[in-house]
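Please read the structure below before turning to the comments.
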Amino acid sequence: MMDKAYQNIKEAEEMLLNVGTLLMSCGASTGRVRTTVNRIADALGYNIELLITNRSLMLKVIDEQSDHFIASLKRTSPHGVNFRVVSGISRMSWKVVEENWTVPQINAEIERLIALPHYPRLIILSSVSLAGSAFCALFGGKGVELVVAFVATFFGLFVRQEALKKQFNPYLAIFFASFAASILSGLSVRLGIGSSPELAFATSVLFLVPGVPLINSFTDMIDGNILNGIVRGVHGLIIAFAIALGLLCAKFIFNI
Amino acid sequence: MDYLALMEKGFWAGFAALGFAILFNVPQRTLMIIWLMGAIGGLVKFFLLGWEVNIALASLAGASAIGIMSVYAAHNKQSPPLVFSIPSVIPMVPGAFAYRMMLGFMTLASTPTNTPAYMNTMAETAGNGLKAMFILVALSGGVAIPMLITRKDTFKRIKPHIDQE
């Protein structure tokens with residue numbers, strides 16, 4: 001009897017830790033991780049305590065009926081932003097409440113969400129490159145400069161994806177991408193293509209902007225999770241520094 | 001004001017938002033809304049800039065518009081608001097100011113100190129850096145505050161509240 005209760009809490013805890021770490025690594029803010037895990041635990045009838053840091057999650061599950069509790073720790077894997085999973089888990093947490101899902105049901109849904117496909121690589125590359133030329137247009141670029149920004153962004157993102165595949169340090173991958181993109185757009189400045197090629201040079205690295213870390217950093221800080229906010233902010237700053245370093249290298253090479 | 005040019009900026013801002021949405025792998029049902037929100041945010045910002053409003057304030061207004069829309073979109077499309085708001089505000093990032101600041105630092109490193117040229121570059125660099133910083137704070141604040149205001153209850157129950165009023 002006691003073993004059965006223990007087994008149940010153990011399963012629930014593993015599932016909750018899974019949900020929490022998955023949300024954290026896919027780019028949800030600390031407040032959202034806490035709300036979602038609490039909501040699922042409530043629906044299953046457990047009391048929980050959570051400690052959320054950027055790279056790991058600590059959870060204590062208390063079963064009110066049997067007075068058992070378990071505490072354990074799980075490391076957050078560095079996945080990269082994936083809003084499809086964040087959105088899916090958030091929808092799931094409501095179904096858990098409304099339709100009284102069980103732990104195996106939730107586990108199956110998590111498996112399904114992880115297996116959901118990304119957009120095809122060519123679509124990602126070309127739409128992000130389109131965003132690159134959109135940036136160039138927003139800053140006042142025209143005609144040829146848009147094309148330069150498109151090509152440079154395409155190449156930069158391709159280099160970043162390849163570097164991540166080869167498991168380079170993520171900041172180093174951003175440096176490579178920024179360098180690759182600015183080498184191409186710097187070449188257009190050197191050759192004097194278009195009326196204001198500097199615009200393409202400045203905007204070709206904007207696809208690397210650390211938008212998610214910086215916005216989540218602010219959200220966390222005014223939400224009271226100051227430590228997590230600082231960690232995310234510093235992460236964003238290192239990315240910005242890596243982008244700048246790539247730009248500077250290209251600038252020195254072409255002596256612009 | 002040149003409304004055609006304004007519309008064109010909004011159009012491009014939408015595409016910049018869409019590119020990031022796909023990079024962040026948002027669900028397919030939210031793509032149209034993100035394009036629209038990016039475009040509206042860009043329109044608000046560039047409209048205010050046309051009236052010579054300070055760029056940080058204009059960004060704050062654009063980002064708040066996106067923040068408020070994201071709460072309603074979250075209710076309608078059943079995705080958390082950050083799925084909509086983060087890709088949509090990215091077209092407003094102060095990339096040009098940050099770039100000029102970095103450029104300024106580089107020039108400073110290779111200019112002899114205490115010359116008028118050094119002082120000029122220093123002033124420009126500080127100005128660009130401060131602008132970039134304030135715009136960033138305005139963007140993240142504009143997005144985060146509407147979310148936090150409405151989070152007293154959850155987004156799912158936001159509709160009944162409005163109906164009661």
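Heavy atoms only: backbone and side chains are in, while hydrogens, waters and symmetry mates are out. Convention: sequence-line order gives letters A, B, ...; per-chain numbering from 1.
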| query | With only heavy atoms counted, which part of A/Phe241 is less than 4.5 Å from chain B, the side chain, the backbone, both or neither? | reply | neither

| field | Heavy-atom pair count under 4.5 Å with chain B, highest-scoring of A/Phe207, A/Phe135, A/Phe201, A/Phe139 | value | A/Phe135

| field | Top contributor to chain A interface from B/Phe11, B/Phe20, B/Phe24, B/Phe105 [non-hydrogen pairs under 4.5 Å] | value | B/Phe24

| Heavy atoms under 4.5 Å from chain A: which residues of residues 118-136 of chain B carry them? | B/Leu136

| query | Hey, what do you get for CG (A/Asn18) to CG (A/Leu23), rounding to the nearest 0.5 Å? | reply | 10.5 Å

| If you round to the nearest 0.5 Å, how far is CD1 of B/Ile68 from CD1 of B/Ile40? | 12.0 Å

| task | Compute the ring centroids of A/Tyr171 and A/His235, then answer whether they are less than 6.0 Å apart. | result | yes

| field | Between A/Thr219 and A/Arg32, a side-chain donor and acceptor under 3.5 Å | value | no

| query | Going by distance alone, is a donor N or O of one side chain under 3.5 Å from an acceptor N or O of the other, for A/Thr153 and A/Ser129? | reply | no

| task | Heavy-atom pairs under 4.5 Å with chain B are the metric here; pick the option from A/Ile222, A/Leu199, A/Leu247, A/Ile243 that has the most. | result | A/Ile222

| Is there a donor-acceptor contact under 3.5 Å linking the side chains of A/Asn216 and A/Ser29? | no

| note | Heaviest contributor of heavy-atom pairs below 4.5 Å to chain B, chosen from A/Leu248, A/Leu138, A/Leu125, is A/Leu138

| Side chain, backbone, both or neither: which part of A/Leu245 has an atom under 4.5 Å from a heavy atom of chain B? | neither

| note | Checked A/Ser127, A/Ser87, A/Cys26 vs chain B; the most non-hydrogen pairs under 4.5 Å come from A/Ser87

| task | Answer with yes or no whether the side chains of A/Glu145 and A/Ser195 bring together a donor and an acceptor at under 3.5 Å. | result | yes

| message | Is B/Gln28 close to chain A through its backbone or its side chain, or both, or neither, when contacts mean heavy atoms under 4.5 Å? | response | both

| request: For the pair A/Asp220 and A/Asn228, evaluate side chain to side chain donor-acceptor pair (under 3.5 Å) and give the outcome as yes or no after the intermediate values. | output: CA-CA 7 Å; A/Asp220 277 2; A/Asn228 280 4; 4.6 Å; no

| query | Looking at A/Ala134, A/Gly88, A/Gly80, which has the largest count of heavy-atom pairs under 4.5 Å with chain B? | reply | A/Ala134

| request: For this output row, return yes or no: ring centroids of A/Phe158 and A/Phe154 closer than 6.0 angstrom. | output: no

| said: Below 4.5 Å, heavy-atom pairs only: which of B/Ala21, B/Ala13, B/Pro87, B/Ala98 has the largest tally toward chain A? | reply: B/Ala13

| remark: Rounded to the nearest 0.5 angstrom, the OG-CE distance for B/Ser64 and B/Met69 is 10.5 Å

